[in-house]
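A short worksheet on the structure shown next.
Whatever order the structure lists them in is the order used to number ligands and atoms, beginning at 1.
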Amino acid sequence: MIKLINPYIPPREILLPRIESVLYSGYIAEGENVKKFEKEMSEYIGNPNCLAVSSCTAALHLALLLLNIKYGDEVISTAMTAEPTNIAIAQSGAKVVWADINKETGLISPDDIEKKITLKTRAIMVVHYAGLVCDMIAINSISERYNIPIIEDAAHAFGARYDSFKLVGNSRNIVAFSFQAIKHLTTVDGGMICLPNDVLVKRAKELRWFGLQKGVSRLETNITEVGYKYNMNNVTAEIGRVQLSCLEYNVDKYIKNGKIYDSLLKNNNNVTIMKIEGDSIPSYWIYTILVENRDKLIEKLALHDIEASVLHKRNDLHELFNYSRNDFHNLDYFYSRLVHLPCGWWVNVEDIKKICSILEEGW
Ligand SMILES: *Cc1c(COP(=O)(O)O)cnc(C)c1O
């Protein structure tokens with residue numbers, strides 16, 4: 001079976017000695033390994049303000065707290081995502097206001113964001129869904145014109161680029177990454193928040209650790225604001241450091257595979273491939289296509305031992321968000337035709353050729 005999702009774990013002879021050395025070091029809590037992981041991540045992303053946290057959900061919640069989002073506020077978001085994006089908004093107490101997507105990309109529509117802005121809008125949550133990068137030129141321009149901050153959920157977009165110079169995370173916005181089990185770079189569980197300036201760093205560090213100041217003696221530290229237990233530990237961080245040294249076997253392969261799909265499918269009349277915004281380079285966490293008779297295609301692929309699926313339920317269908325129901329024509333179109341194909345490090349060129357020839361035959 002060619003799986004849709006498969007975690008990349010570095011070779012045991014490289015990974016296990018590193019984990020072992022931390023486990024028996026006498027210091028497994030948040031310490032030097034986390035600092036080194038943050039430094040190496042900051043260098044990779046090109047943003048000095050990257051902080052390790054326990055999950056992407058924690059990073060998103062911290063982002064909302066840093067922007068002082070609270071009960072009664074509105075946050076514009078997309079329903080075409082995994083639940084944590086919008087659960088984090090619910091955790092902050094704010095109301096989710098859906099914007100429709102662009103049906104050529106599956107990503108939040110800048111035009112519809114602008115239509116949904118009210119006097120209560122305090123933030124806009126965008127998701128680089130499936131590793132495709134949102135139209136950040138249009139979205140950043142809305143942010144500037146209305147003075148509303150943007151949070152980027154980059155759980156699917158580790159290694160993706162806004163353009164040839166800038167990796168996702170090197171942004172004027174707050175960006176959240178996931179190192180959860182099924183994401184490009186996994187530390188089993190974990191996440192990262194990338195901040196646009198160092199002013200936010202001090203408060204972010206306190207908020208991820210009960211509101212306490214790390215490094216200050218417990219008898220002298222002074223809590224002024226409720227914080228959370230959102231820190232990363234040394235063992236997790238060391239796994240992350242090893243993963244970061246293996247990107248050529250991991251995220252680079254997703255990108256290579258995605259580009260092969262793009263070129264093999266661009267003239268296939270049975271499928272619509274996703275439009276890539278501007279000069280961005282997706283990290284193709286899963287490869288998204290739109291087709292008619294989607295269920296029949298998924299069945300046919302399964303008969304050929306290929307796993308394909310829709311993966312996520314559109315979030316506006318959850319009862320929790322009933323208060324925000326609305327009509328979304330592009331989302332209806334996209335969600336009823338969407339299929340995700342395997343694209344990760346374990347997929348080889350022959351697999352992709354086989355999948356594309358099935359897509360050529362029809363179903
Ligand atoms: C996985 C995921 C998250 C949450 O990541 P965790 O690290 O598991 O908290 C957030 N947003 C999206 C789009 C995701 O797929």
Side-chain angles (χ1 to χ4, degrees), residues 4-8 34 37 41 50-65 75-92 96 98-99 101 105-108 123-134 150-160 168-169 171 173-194 207-208 228-233 236-237 239-240 243 251 254 274 282-288 309-318 320-321 331 334-335 338 340 343-344:
L4 183 60
I5 301 286
N6 195 6
Y8 176 82
V34 175
F37 179 54
M41 269 294 175
C50 296
L51 299 181
V53 291
S54 53
S55 71
C56 182
T57 314
L60 293 168
H61 187 214
L62 281 181
L64 292 153
L65 293 169
V75 177
I76 297 174
S77 182
T78 174
M80 195 59 251
T81 182
E83 284 79 1
T85 312
N86 294 307
I87 289 299
I89 299 172
Q91 285 172 350
S92 76
V96 174
W98 306 117
I101 57 169
T105 60
L107 306 171
I108 195 165
I124 298 161
M125 178 77 84
V126 306
V127 181
H128 303 304
Y129 187 69
L132 292 153
V133 182
C134 295
I150 310 287
I151 301 168
E152 301 175 37
D153 179 343
H156 300 175
F158 187 81
V168 168
S171 170
N173 306 319
I174 301 182
V175 185
F177 286 99
S178 175
F179 306 136
Q180 186 258 344
I182 67 170
K183 305 300 159 67
H184 288 103
L185 185 148
T186 179
T187 59
V188 185
D189 254 323
M192 182 166 71
I193 183 168
C194 304
L207 285 173
R208 79 171 168 188
Y228 295 79
K229 189 178 186 297
Y230 282 166
N231 65 295
M232 184 180 275
N233 65 66
T236 301
I239 299 174
Q243 288 283 24
V251 66
Y254 285 78
M274 296 296 102
S283 59
Y284 300 96
W285 178 57
I286 40 184
Y287 191 84
T288 309
S309 84
V310 180
L311 204 62
H312 298 118
K313 169 171 167 163
R314 52 187 271 188
N315 287 188
D316 57 334
L317 301 182
H318 287 289
L320 178 69
F321 299 115
L331 181 58
F334 187 89
Y335 188 67
L338 147 79
H340 295 304
C343 189

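The distance from the CZ atom of Phe177 to the CE atom of Met41 is 8.0 Å, given to the nearest 0.5 Å.
Take His128 and apply the ring pair (Phe, Tyr, Trp, His ring centres under 6.0 Å) test, not counting sequence neighbours, and it matches no residue. Take Ala59 and apply the side chain to side chain contact (heavy atoms under 4.5 Å, CB included) test, not counting sequence neighbours, and it matches Val53, Ala176, Ile193. In this structure, the side-chain hydrogen bond (donor to acceptor under 3.5 Å, both in side chains) partners of Thr236, at least two apart in sequence or on a different chain, are Asn233.
Using a 3.5 Å distance cut-off with no hydrogens or angles, the side chains of Lys313 and Asn315 do not pair a donor with an acceptor.
The residues lining ligand 1, counting any heavy atom closer than 4.0 Å, are Ser55, Cys56, Thr57, Thr81, Ala82, Pro84, Thr85, Asp153, Ala155, His156, Ser178, Gln180, Lys183, Gly190.
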- Going through the distances and angles, do Met125 and Thr81 end up as a side chain to side chain contact (heavy atoms under 4.5 Å, CB included)? CA-CA 11 Å; Met125 178 77 84; Thr81 182; over 6 Å; no
